[in-house]
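Just so we're on the same page: letters track the sequence lines, and every chain starts at 1. Treat the numbers as computed from the prediction; the structure is a model and nothing was measured.
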There are 2 protein chains.
Amino acid sequence: MVDAIDRKILGLLIEDAGRTYAQLGREVSLSPAAVHERVRRLRASGIVRRTTVDVDPDALGRHVLAFVLVDSDGWVKDELFAATRADPRIEEAHSVAGSSNFLLKVRVADPDELEDVLHDLYRVEGVVRSRTIMVLRRGFERGVGIPGVRLTSDVIDPPTSATRE
Amino acid sequence: MVDAIDRKILGLLIEDAGRTYAQLGREVSLSPAAVHERVRRLRASGIVRRTTVDVDPDALGRHVLAFVLVDSDGWVKDELFAATRADPRIEEAHSVAGSSNFLLKVRVADPDELEDVLHDLYRVEGVVRSRTIMVLRRGFERGVGIPGVRLTSDVIDPPTSATRE
DNA sequence: CTTGAAATCGAGAATGT
DNA sequence: ACATTCTCGATTTCAAG
């Protein structure tokens, strides 16, 4: 249903959705209209959900990233998801298997704001415990990978060496 | 440096980067050219890194999401980041504070493939232990939130109730 | 920031393979 | 069924006020 050409187009669009159909066509050796039709199908089938914009958190002053494991008394998924979704500081929320019930991905400006998030968290009925895993250094964050399609973002940004200038 | 209008534009672009400058202008009460100039500045300053495409993992058969805590003997950050970055199944890698050294976000088709990822992980010199947190249900995953800007994606997708049809 | 104009691109239809 | 070429309308983008 999605062949090698589709996957290559997906990789190219992930890398830069501003590309023109003519450019895409050149890269996969197809006519602009042919690429246009393939992209239309990728959107119609829901594989491509939307075209969006990648915003740099640091440029907005959001320097602190943390993952929070949440324990609850009772199954408070709906309440917790509703509360976390309404909070722009929380980027992800999942229910998980293991010693905790939920896992949150939180991005804030500073540790003070992280404390605020935790405080708000305990306002959700049933939340009894949390363990916060602070990110010290981000290796990389990217969206869904397309197996077999090498993106330039995989090579740029060389591994941050321990020897810093 | 980024005022309320810029943040509203950011929110609108995150929601749908396919919007026309005329549409954006209508929503923030500015001329198309003025919005164009603001967006150009947001890009030039690095706040907007790129325009990309949001790909549905499920539509590509990637149904399993997991977070993997990794313990190491010695500080193997560079080796681990290099190895994980080259693997499209791994979406994020961070070094973290706490009882583990690293945290990975992994998305694969099925548990078998997750086992493959763990197997590969232990090929990195120094990796001695791992603890995998399997995601049972995804509440939501989104990019950087813009405080003060309400997106439609915050209201659609009502909380999955326990009573399923 | 707004207005106005020119070049480019997107999107659809008709055609051919 | 899919790809190609052509065409029109819309958008981007630049210059001037």
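- Distances shorter than 4.0 Å separate none of the side-chain N or O atoms of Arg40(B) from OP1 or OP2 on dT12(D).
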(request) I would like to know whether Phe140(B) and Thr84(A) meet side-chain contact (heavy atoms from CB on, under 4.5 Å); could you show each step before the answer? (result) CA-CA 9 Å; Phe140(B) 55 87; Thr84(A) 51; 3.4 Å; yes

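- Note: CG (Leu13(B)) to P (dT12(D)) measures 11 Å, nearest angstrom.
- An OP1 or OP2 oxygen of dC9(C) is reached within less than 4.0 angstrom by no side-chain nitrogen or oxygen of Arg19(A).
- Look at Arg142(B) and Glu91(A) and you find no salt bridge, because none of the NZ, NE, NH1 or NH2 atoms lies under 4.0 Å from a carboxylate O.
- Distance CG (Asp16(A)) to P (dC9(C)): 14 Å, rounded to an integer number of Å.
- Note on ring orientation: taking the six-membered ring where Trp is involved, the planes of His94(B) and Phe67(A) are tilted (angle from 30° to 60°).
- In this structure, the nucleotide among dT2(C), dT11(D), dT5(D) sitting nearest to the side chain of Thr20(B) is dT11(D).
- Note: CG (Leu42(A)) to P (dC2(D)) measures 13 Å, nearest angstrom.
- Contact annotation: His36(A) side-chain N/O to dG10(C) OP1/OP2 distance is not under 4.0 Å.
- If you measure from atom CG of Leu30(A) to atom P of dA3(D), you get 6 Å, rounded to the nearest angstrom.
- Each of Pro32(A) and Arg41(A) has a nearest nucleotide on DNA chain D; the 5'-most of these lies closest to Arg41(A).
- The distance from atom CZ of Arg26(A) to atom C1' of dC9(C) is 12 Å, rounded to the nearest whole Å.
- In the set dC1(C), dA3(D), dT3(C), dC1(C) carries the atom at the smallest distance from any side-chain atom of Ala34(B).
- Computed from coordinates, the Asp3(A) CG to dC2(D) C1' distance equals 12 Å when rounded to whole Å.
- For the pair Leu24(B) CG and dC1(C) C1', the interatomic distance rounds to 16 Å; values are reported in whole Å.
- OP1 or OP2 of dA11(C) lies within a sub-4.0 Å distance of a side-chain N or O belonging to Tyr21(A).
- Distance from the side chain of Ala33(B) is smallest for dT3(C) among the nucleotides dC1(C), dT3(C), dG12(C).
- Electrostatic pairing of Glu27(A) and Arg19(A) counts as a salt bridge here, judged by a charged N lying under 4.0 Å from a carboxylate O.
- For the pair Gln23(B) CD and dA10(D) P, the computed distance is 13 Å after rounding to whole Å.
- Asn101(B) contributes a side-chain N or O that, together with a main-chain N or O of Ser72(B), makes up a donor-acceptor pair within less than 3.5 Å.
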